[in-house]
Amino acid sequence: MNIEEQVAIIMQGTEYGDEDVKKSMAKELLERMKEAEAEKRPLRVYCGYDPTSTDLHLGHTITMRKLRQFQEFGHDVVFLIGNYTSLVGDPSDKDKLRPMLTPEQVMENARTYSEQAFRILDREKTQVLYNAEWLSKIDFAELIHLASNFTVQQFINRDNFKKRWENGDPVYLHETFYAIMQAYDAHHLQADVQIGGSDQLFNIITAGRKLMTALGGKPNIGVIVGILPGTDGVVRMSKSLGNHIPINSDAKDMFGKVMSVPDMAMLDYARLATRWVPDEVAEFANELESGALHPRDAKMKLGLEIVEIFYGADEAQKAKTAFINVFQKGNMPEKMDEYVVKPGQVLLDILEESGLVKSRGEGRRMVDQNAVKLDGEVLSDAMEELPHLGVLQVGKRRFVRVVE
RNA sequence: GGGCAGGUACCCAAGCGGCCAAAGGGGACUGACUGUAAAUCAGUUGUCAGACGACUUCGGGGGUUCGAAUCCCUCCCUGCCCA
């Protein structure tokens, strides 16, 4: 594959919010790749991840996929864990202050991060680093020097700060350190390329490039990818919003979650969360547009691909079959938790103790709403014992097999 | 340091002595319809209690009152203006 083709693959799904920036980054990337080839050195590519929670989700995998692509093209990849930056909390993707985490929380979260990441990245070719290693050593004099490269105006003009400013919400001084810290990471790593979501535009392009230049190096090239919407199809995927697809979910669950994504978000998923090359994505879009592919089947194709990335073709196929079986045909899932009834327990007790509902109040409500079924038959009295053993179901997707 | 405006359930936001478990919206959940999509319609959304009712909740603590989210004191937190 020639370098032009490589660049095309890398640039798929990128979003700079400005065509000129995109063009110039693509051009710079091309030049840098050629330069590296001439010098027979690999590029140094990195992406930082703040361990703000224990689960990585599909949204995180977009940048990982980019890292992976670079690995496949023979470049060096740093998987940077922002254990120091997350002490501040990146204000970029929120219109609110992010809670500061304690070092203990951060390390706890970081522990499983890289392991999950290797589902996508090539372990052999990945260097895992923690930015506390260098950031914790910066003293105040250095910070002053770093900060003197930026103006307050640059920061308050950022959308997220501006919005809060206008709403009368607090913007804390320490939040402005985040961009400086990230920029310093890029400098310290002598990165050729930095990958990030479009919320990272300021941190990577504005702050990073400026600081790297100011400190006498070459600026990194930003590969800015689009933001994957969550299962609600609108807002960015995030665990705290509850619209995420964890990469630790099992194959069936993952498939189901992809199916629950609204149609309008399908193309985003195709572009960002699959391994498809630009031509394949274009074909998918065409089939969808022309109606050659039923939206439901399109989404299944998407689900199949995404699950396959993490679990392989067999498991993906099984997940799809199970999905069709349970949800399309309305059958029971093959595997479910079991609950052992105790003598004298009425329906409400069982619902609560088996964890099908969160409180007895909710249990009553579910029964009132005809949401509780035993082997497909609606149960309407919460205070009766079960007429027989069987599969107890609440709503569409909560099942427990009641046994003795 | 001074003045002013605020802190209400998952989020936004009304309420400003009893009729407040607290309007409205969002979100979430359930049902109908479907492609476990979206949209739409109907309902639910503190805990316990088979319906009566009880209990906990309106930044923290203390007080006034028969009775407080609502009044008073105090502390903490935020924004704006002034210094």
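Sequence lines set the chain letters: A, B, ... in the order given, protein chains first and strands last, and positions in each chain run from 1.
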> Where along residues 371-386 of chain A does a heavy atom fall under 4.0 Å from RNA chain B?
Replying inline: Ala371(A), Met383(A)
Please write out the pairs of protein N or O atoms and N or O atoms of nucleotides 38-46 of chain B separated by less than 3.5 Å, giving the distance to one decimal.
{"from": "rG43(B)", "atom 1": "N2", "to": "Gln369(A)", "atom 2": "OE1", "distance (Å)": "3.2"}
{"from": "rU44(B)", "atom 1": "O4'", "to": "Gln369(A)", "atom 2": "OE1", "distance (Å)": "3.0"}

> Using the C1' atom in both, what is the distance from rA38(B) to rU47(B), to the nearest Å?
Replying inline: 35 Å
>> Does Arg158(A) qualify as a cation-pi partner of Phe161(A), given the criterion of NZ or CZ under 6.0 Å from the six-membered ring centre and within 45 degrees of its axis?
In response: yes
>> I'd like to check Thr61(A) versus Leu58(A) (side-chain heavy atoms, cut-off strictly below 4.5 Å). Are they in contact?
In response: yes
> Rounded to whole angstroms, how far apart are CG on Asp368(A) and P on rG50(B)?
Replying inline: 13 Å
>> In this structure, how many angstroms lie between the P atom of rA37(B) and the CZ atom of Phe327(A), rounded?
In response: 10 Å
>> Quick one, Gln194(A) with Asn220(A), criterion side chain to side chain donor-acceptor pair (under 3.5 Å). Give me CA distance, side-chain angles, the key distance, then yes/no.
In response: CA-CA 6 Å; Gln194(A) 185 181 171; Asn220(A) 65 187; 2.9 Å; yes
>> My understanding is that only residues two or more places apart in sequence, or in another chain, count here; which of them pass side-chain contact (heavy atoms from CB on, under 4.5 Å) with Lys318(A)?
In response: Glu315(A)
>> Categorize Val261(A) for me: base, sugar-phosphate, or nothing, with a 4.0 angstrom heavy-atom threshold over every strand shown.
In response: sugar-phosphate
> When the C1' atoms of rU65(B) and rG79(B) are considered, how many whole Å apart are they?
Replying inline: 34 Å
>> Below the 4.0 Å mark, does rA49(B) have OP1 or OP2 next to a side-chain nitrogen or oxygen of Arg364(A)?
In response: yes
> Which value, in whole Å, describes the distance between the C1' atoms of nucleotides rG61(B) and rA23(B)?
Replying inline: 30 Å
> Excluding sequence neighbours, so at least two apart, what forms side-chain contact (heavy atoms from CB on, under 4.5 Å) with Ile62(A)?
Replying inline: Val225(A), Leu228(A), Leu272(A)
> Going by number, which of residues 296-320 of chain A have a non-hydrogen atom under 4.0 Å from RNA chain B?
Replying inline: Arg296(A), Lys299(A)
Would you tabulate the nitrogen or oxygen pairs shorter than 3.5 Å linking the protein to nucleotides 78-80 of chain B?
{"from": "rG79(B)", "atom 1": "O4'", "to": "Gly168(A)", "atom 2": "O", "distance (Å)": "3.3"}

> Say you pick atom P in rC75(B) and the same atom in rC4(B); how far apart are they, in whole Å?
Replying inline: 16 Å
> Between atom OH in Tyr269(A) and atom C1' in rA37(B), what is the gap in whole Å?
Replying inline: 12 Å
> Between Phe202(A) and Phe155(A), does the ring centre distance come in under 6.0 Å?
Replying inline: yes
>> Any strand counts, and the cut-off is 3.5 Å on both contacts for Watson-Crick or G-U wobble. Which nucleotide pairs with rU78(B)?
In response: rA5(B)
> Is there a Watson-Crick or G-U wobble partner for rA28(B) with both distances under 3.5 Å, and which nucleotide is it?
Replying inline: rU44(B)
> In terms of the angle between their ring planes, are Trp276(A) and Phe284(A) parallel, tilted or perpendicular, with boundaries placed at 30° and 60°?
Replying inline: tilted
> Are any of the side-chain heavy atoms of Thr231(A) and His244(A) separated by less than 4.5 Å?
Replying inline: no
>> Distance check, rounded to the nearest 0.5 Å: Leu29(A) atom CG versus Lys34(A) atom NZ?
In response: 11.0 Å
> How far, in whole Å, is rA37(B) from rU30(B) if one measures between their P atoms?
Replying inline: 11 Å
> According to the Watson-Crick and G-U wobble definitions, with both distances under 3.5 Å, which nucleotide is paired to rG50(B)?
Replying inline: none
> Quick one: Arg360(A) CZ to rA49(B) P, roughly how many Å, whole number?
Replying inline: 4 Å
>> Does any part of the side chain of Arg44(A), heavy atoms only, come nearer than 4.5 Å to the side chain of His75(A), both counted from C-beta?
In response: no
> Nearest nucleotide by nearest heavy atom, which residue falls closer to the 5' end of RNA chain B, Leu348(A) or Lys252(A)?
Replying inline: Lys252(A)
> When you compare rG7(B) with rC58(B), how far apart are their C1' atoms, in angstrom units rounded to a whole number?
Replying inline: 10 Å
> What do the steps show when you test Glu308(A) against Arg275(A) for salt bridge (Lys or Arg N to Asp or Glu O under 4.0 Å), and what is the final call?
Replying inline: CA-CA 10 Å; Glu308(A) 199 174 313; Arg275(A) 294 167 299 189; 3.6 Å; yes
>> Please determine whether side chain to side chain donor-acceptor pair (under 3.5 Å) holds for the pair Tyr49(A) and Asn83(A), giving the CA-CA distance in whole Å, both sets of side-chain angles, and the decisive distance to 0.1 Å.
In response: CA-CA 9 Å; Tyr49(A) 298 88; Asn83(A) 62 334; over 6 Å; no
>> Counting the atoms with a prime plus P, OP1 and OP2 as sugar-phosphate, which does Gly256(A) contact under 4.0 Å by heavy atoms, base, sugar-phosphate, or nothing?
In response: base
>> One pair to check against salt bridge (Lys or Arg N to Asp or Glu O under 4.0 Å): Glu35(A) and Lys218(A). What are the steps and the verdict?
In response: CA-CA 13 Å; Glu35(A) 187 184 303; Lys218(A) 252 195 281 183; 2.5 Å; yes
>> Any salt bridge linking Glu362(A) with Arg398(A)? Criterion: basic side-chain nitrogen under 4.0 Å from a carboxylate oxygen.
In response: yes
> Over how many whole Å does the gap from Glu362(A) atom CD to rA49(B) atom P extend?
Replying inline: 14 Å
> Looking only at atom P, what distance separates rC72(B) and rG24(B), rounded to whole Å?
Replying inline: 29 Å
> Just how far, in rounded Å, is C1' of rG35(B) from NZ of Lys396(A)?
Replying inline: 11 Å
> When the distance from CZ of Arg164(A) to C1' of rC11(B) is rounded to whole Å, what number comes out?
Replying inline: 16 Å
>> Distance check needed: rC33(B) P versus Asn370(A) CG, whole Å only.
In response: 13 Å
>> As an exercise, state the distance from CG of Leu379(A) to CG of Leu348(A), rounded to the nearest 0.5 Å.
In response: 12.0 Å
> Are His187(A) and Tyr184(A) close enough that their ring centres sit under 6.0 Å apart?
Replying inline: yes
>> Please report the distance separating the C1' of rC20(B) from the corresponding atom of rA68(B), rounded so that it comes out in whole Å.
In response: 11 Å
